[in-house]
Amino acid sequence: MPQPRVFSGIQPTADSFHLGNYLGALRQWVTLQDTHDTIYCVVDLHAITLPQQPADLRRRTRVAAAQLFAAGIDPDRSIVFVQSHVPEHTELTWVLSCLTGFGEASRMTQFKDKAAKGGADAASVGLFTYPILMAADILLYDADQVPVGEDQRQHLELTRDLAQRFNHRFGPTFVVPGPYILPEVAKITDLQDPSIKMSKSASSPQGIIDVLEEPKSVERKIMRAVTDTEGEVRADEQAKPGVTNLLRIYSALAGEPIAALEQRYAGSGYGAFKKDLAEVVVGGFAPMRERTEKLLANESELDQLLAVGAAKARKLAVPTMDRVRDRVGFLPAR
Ligand code: TRP
């Protein structure tokens, strides 16, 4: 029995993944290797939908890949590659763009949010067609499932619609992927503003903890994380969102249920709890930090891993694109 295939992507837009990325996505990506045929992509084409300095993009692409390997994604069990290494992604995007209604694309809420932030002229056409590129990523590999957070649900719906539309018009070509909203996604919020998700674009540096961050800085941020005046370590999403977030982080990293933590810290105040949490976070990320640094110290070896990943990815993407070209009516090049 072949295992169901999973495809997911992450943008190389930061010098480190953060705690939210790790608990919300990466950790599940690692686990999925046991039960699924897994393909993970560093989506540099998506990254340039917002302006990037070339040197930053280059560095961050390697850092992203290194962190995937360091987190436990095994290049022998998963395909790990860089999106721009497989030109079929952009080629399929064009074909799918011609099947996407302008109004349909205009309804994507993430585009509206991002465009509103930068002002009308700051938003590029690339940012507008971003979800179509994402659809191409997924459909090229006949992915059955796509582990993404809630914020990507609408893009996944578009992917399904485009696959069905293409199949209906040109005959069965694409696997229609099922939604795969990550199970028990630890919803990690900003340390300074627990009403928003921990995110590179929305959070202040004080609100985010990076996987590759210096231990001293991690401690400082956790000690200063927003709590409340009650002084009780207990989870209550409504009344105590800050403490609840810290409990979630602790529980997820230490593998202990929240109830057990509430019991342990009953009556002990926030200081002791935060101090222990800082230790859990620093200790939890230390091996990944070390492995990432080691991988980054040998760039040519890392690039070689990515070259192998790209070759494996192309082996799957090229036949899909050939099928698409034929269905659409493009003449073979011979
Ligand atoms: N848009 C996704 C995000 O920002 C990243 C992404 C690009 C992706 N292509 C994908 C995720 C394909 C899943 C499948 O989180």
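Quick note: residue numbers are just sequence positions, from 1. Each ligand, and each atom within it, is numbered from 1 in the order the structure gives.
Applying the ring-ring contact (aromatic ring centres under 6.0 Å, His included) test to every pair with at least one member in residues 306-334, sequence neighbours left out, gives no pairs at all.
A salt bridge links E104 with R165: the closest approach of a Lys/Arg side-chain nitrogen to an acidic carboxylate oxygen falls below 4.0 angstrom. Between R77 and D34 there is a salt bridge, since at least one side-chain N of the basic residue sits less than 4.0 Å from a carboxylate O of the acidic one.
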Please tabulate, line by line, the atom pairs linking an N/O of ligand 1 to a protein N/O at a distance below 3.5 Å, with the distance in Å to 0.1, or answer 'none'.
{"from": "ligand 1", "atom 1": "1 (N)", "to": "Y130", "atom 2": "OH", "distance (Å)": "2.7"}
{"from": "ligand 1", "atom 1": "1 (N)", "to": "Q152", "atom 2": "OE1", "distance (Å)": "3.0"}
{"from": "ligand 1", "atom 1": "4 (O)", "to": "Y130", "atom 2": "OH", "distance (Å)": "3.0"}
{"from": "ligand 1", "atom 1": "9 (N)", "to": "D137", "atom 2": "OD2", "distance (Å)": "2.7"}

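Among residues two or more places apart in sequence or in another chain, the side chain to side chain donor-acceptor pair (under 3.5 Å) test is passed with D190 by S203.
Taking a 4.5 Å side-chain heavy-atom cut-off between Ile, Leu, Val, Met, Phe, Trp and Tyr, the cluster of L133 extends to L45.
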Might you work through the side chain to side chain donor-acceptor pair (under 3.5 Å) test for R323 and T173, ending with a clear yes or no? CA-CA 7 Å; R323 217 155 74 214; T173 306; 5.6 Å; no

